[in-house]
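Scroll down for the structure; my scribbles are underneath it.
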Amino acid sequence: MDTVPRELLQAAYRRKPVYLLKIPLHFSLWAALTWVLYATQHHPLAIPIGIACSWVIANLIRGLGAVAHDAVHGSCSRSKLVSYLIALVCWAPTGMSVTLYTNYHLHHHKIANTYPDVDNFVVTDYTRNPVLAKLLLLAVYTFAYPLYFLGCMARYVKRLSTLQRIRMNLELVGFYALMVAFYLVMPFQVFFFFFILPFVFGAILASVTSMIEHYEMLPGEDAYSSRTYGTEARFTNFLWNNVTYHNEHHKFPGIPFYNLRSFHETAYPYYDDRVKSACHRSIVGIALELYGRILRLDIAKLDERYRDINKEAERQKMMALNGIPPGVTA
């Protein structure tokens, strides 16, 4: 990817604030679906309608999270305050603190796929039984990744300053207060399809896409640290705001979400074969391929990867590093 012409990169880094209108668009679509839930709550098909609405809401929340993720990287605005507010608004539906996520995510870019990286789930830290290891991997990469992720966040809370911890808790209190308010004013059936079921669907989406992005990927050069997927899934990428162009994002984290697809299409001829092999047209196809690899898990091969590593020393060393700065362009 180092051979991509400079003019293509310059075009990709160019901000186009009009695309931030997708924020009110996504929230408006969520509101419209909520109206549908109210209007159909007594309909004979209320449950399938609710499930369909919840699935779309989960995808909208994922798209809002992609914008928040960009704001954390400084790709939405040059203003730190505006970037924070965008991230706060767009990340709120996930229930995650922006302050904590920022510390984790920028650090993830610094240590991607190393032993201590949260996105690198090392199953042998939990079990060495081959059957249990496969079952645990399938669980984490099907629905349980958010539980594993939250369990890892304690190490990032320790990295926060006192003021950052206060802000983190204020963000969390604000979010859960808002959810309690919605719960109190909405009929339970509406609230269930408005937030609870989308949260479950969101956990599944997060689990599957985390597997696609980083499972079995190795540390080192950013061009080879993750996968791009779903390049033909245009509607999904419209909802997800191009979060599937993950390889491009890791190599060039300053490219705004709305330029990732066009950059991929124009820069692809300049990718080497190894990068191209990590680009996939579909989402389901690569997911099924990786589930197959999990079922063929070789514990001995995984052990070999970490054979010469003092895991605790490696974790301490990596956790002492600062994350990449927001606004980095390569």
Side-chain angles (χ1 to χ4, degrees), residues 1-16 19 66-67 69-78 83 102 104-120 209-234 237 240-283 285-286 289-290 293 305 309 314 317-318 320-330:
M1 296 176 85
D2 292 329
T3 60
V4 173
R6 182 177 295 274
E7 58 269 23
L8 295 186
L9 281 170
Q10 290 174 336
Y13 286 130
R14 193 170 297 124
R15 289 190 178 94
K16 303 170 187 174
Y19 283 96
V67 180
H69 159 270
D70 259 33
V72 163
H73 278 285
S75 302
C76 292
S77 172
R78 290 183 175 85
S83 294
T102 299
Y104 142 73
H105 186 71
L106 296 179
H107 187 247
H108 156 67
H109 272 264
K110 187 75 169 183
I111 66 167
N113 303 325
T114 62
Y115 170 71
D117 181 19
V118 172
D119 289 48
N120 177 30
T209 55
S210 292
M211 172 184 68
I212 295 173
E213 289 164 2
H214 288 288
Y215 180 63
E216 290 191 335
M217 301 304 281
L218 299 175
E221 164 58 42
D222 285 328
Y224 311 122
S225 66
S226 62
R227 298 180 182 90
T228 282
Y229 55 103
T231 57
E232 296 298 321
R234 297 300 176 87
N237 270 312
W240 290 6
N241 288 320
N242 293 331
V243 75
T244 66
Y245 293 92
H246 207 67
N247 198 329
E248 288 78 6
H249 168 67
H250 263 266
K251 179 62 177 176
F252 307 111
I255 298 179
F257 69 89
Y258 42 80
N259 288 336
L260 282 170
R261 181 171 68 84
S262 59
F263 173 74
H264 169 83
E265 291 174 351
T266 56
Y268 186 83
Y270 300 95
Y271 293 179
D272 63 40
D273 289 342
R274 184 176 171 189
V275 174
K276 288 180 178 179
S277 70
C279 297
H280 305 270
R281 293 184 176 184
S282 74
I283 298 173
I286 181 59
E289 178 184 329
L290 293 174
R293 292 190 201 177
R305 176 173 171 177
I309 294 178
E314 182 75 0
K317 181 181 75 173
M318 292 297 182
L321 299 176
N322 292 323
I324 66 169
V328 66
T329 55

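Because the structure is predicted, anything quoted here is derived from the model rather than measured. The residues of the chain are indexed from 1 along the displayed sequence. Any value given below was found using the heavy atoms of this structure, including those in side chains, with hydrogens, waters and symmetry copies removed.
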Do [X] and [Y] have side chains that approach each other closer than 4.5 Å (heavy atoms only, starting at C-beta)?
{"X": "C279", "Y": "Y268", "value": "yes"}
{"X": "N120", "Y": "T114", "value": "no"}
{"X": "F263", "Y": "F252", "value": "yes"}

Can you name the side-chain hydrogen bond (donor to acceptor under 3.5 Å, both in side chains) partners of [X], sequence neighbours left out?
{"X": "Y271", "answer": "E248"}
{"X": "T209", "answer": "R62"}
{"X": "N241", "answer": "K22"}
{"X": "S226", "answer": "none"}

Distance (rounded to the nearest 0.5 Å) between [X] [atom1] and [Y] [atom2]:
{"X": "S210", "Y": "H246", "atom1": "OG", "atom2": "NE2", "answer": "8.0 Å"}
{"X": "R14", "Y": "Y258", "atom1": "CZ", "atom2": "OH", "answer": "10.5 Å"}
{"X": "I111", "Y": "I324", "atom1": "CD1", "atom2": "CD1", "answer": "12.0 Å"}
{"X": "E232", "Y": "T244", "atom1": "CD", "atom2": "OG1", "answer": "10.5 Å"}
{"X": "L321", "Y": "K110", "atom1": "CG", "atom2": "NZ", "answer": "6.5 Å"}
{"X": "T3", "Y": "Y270", "atom1": "OG1", "atom2": "OH", "answer": "8.5 Å"}

Results of salt bridge (charged side-chain N to carboxylate O under 4.0 Å, His left out) for [X] - residues two or more places apart only:
{"X": "D273", "answer": "none"}
{"X": "E216", "answer": "R293"}
{"X": "K317", "answer": "E314"}

Quick one: do V243 and H69 satisfy side chain to side chain contact (heavy atoms under 4.5 Å, CB included)? Show the steps, please. CA-CA 9 Å; V243 75; H69 159 270; 5.6 Å; no
Could you walk me through whether H109 and H249 pass ring-ring contact (aromatic ring centres under 6.0 Å, His included), step by step? CA-CA 10 Å; H109 272 264; H249 168 67; 4.7 Å; yes
With sequence neighbours left out, write down each residue that passes side-chain contact (heavy atoms from CB on, under 4.5 Å) with [X], or none if nothing qualifies.
{"X": "A233", "value": "T236, I283"}
{"X": "A223", "value": "M1, E221, K251, V275"}
{"X": "H280", "value": "R227, Y229, I286"}
{"X": "D119", "value": "Y104, H108, D117, Y145, H214"}

Please check: side-chain N/O of S83 versus main-chain N/O of S77, any donor-acceptor pairing under 3.5 Å? yes
Ignoring hydrogens and geometry, is there a side-chain-to-backbone donor-acceptor pair from N247 to T228 under 3.5 Å? no
For a quick check under 3.5 Å, do Y224 and N113 share a side-chain donor-acceptor pair by atom type? no
Should the ring pair H105 and H73 be called parallel, tilted or perpendicular, given that the plane angle runs from 0 to 90° and is split at 30 and 60? perpendicular
Have a look at S75 and tell me which of D70, I255, N259, V67 forms a side chain to side chain contact (heavy atoms under 4.5 Å, CB included) with it. D70
Does anything in residues 254-270 pair up under salt bridge (charged side-chain N to carboxylate O under 4.0 Å, His left out), and if so which pairs, sequence neighbours excluded? R234-E265, R261-E265
Is the number of heavy atoms from other residues, nucleotides or ligands within 6.0 Å of OH (Y115) greater than 12? yes
If you count every heavy atom of other residues, nucleotides or ligands that lies below 6.0 Å from R305 atom CZ, does the total exceed 12? yes
A112 versus H250, closest heavy-atom pair with distance: CB-CE1, 4.0 Å
Shortest non-hydrogen separation from G230 to N237 and the atoms involved: O-ND2, 2.8 Å
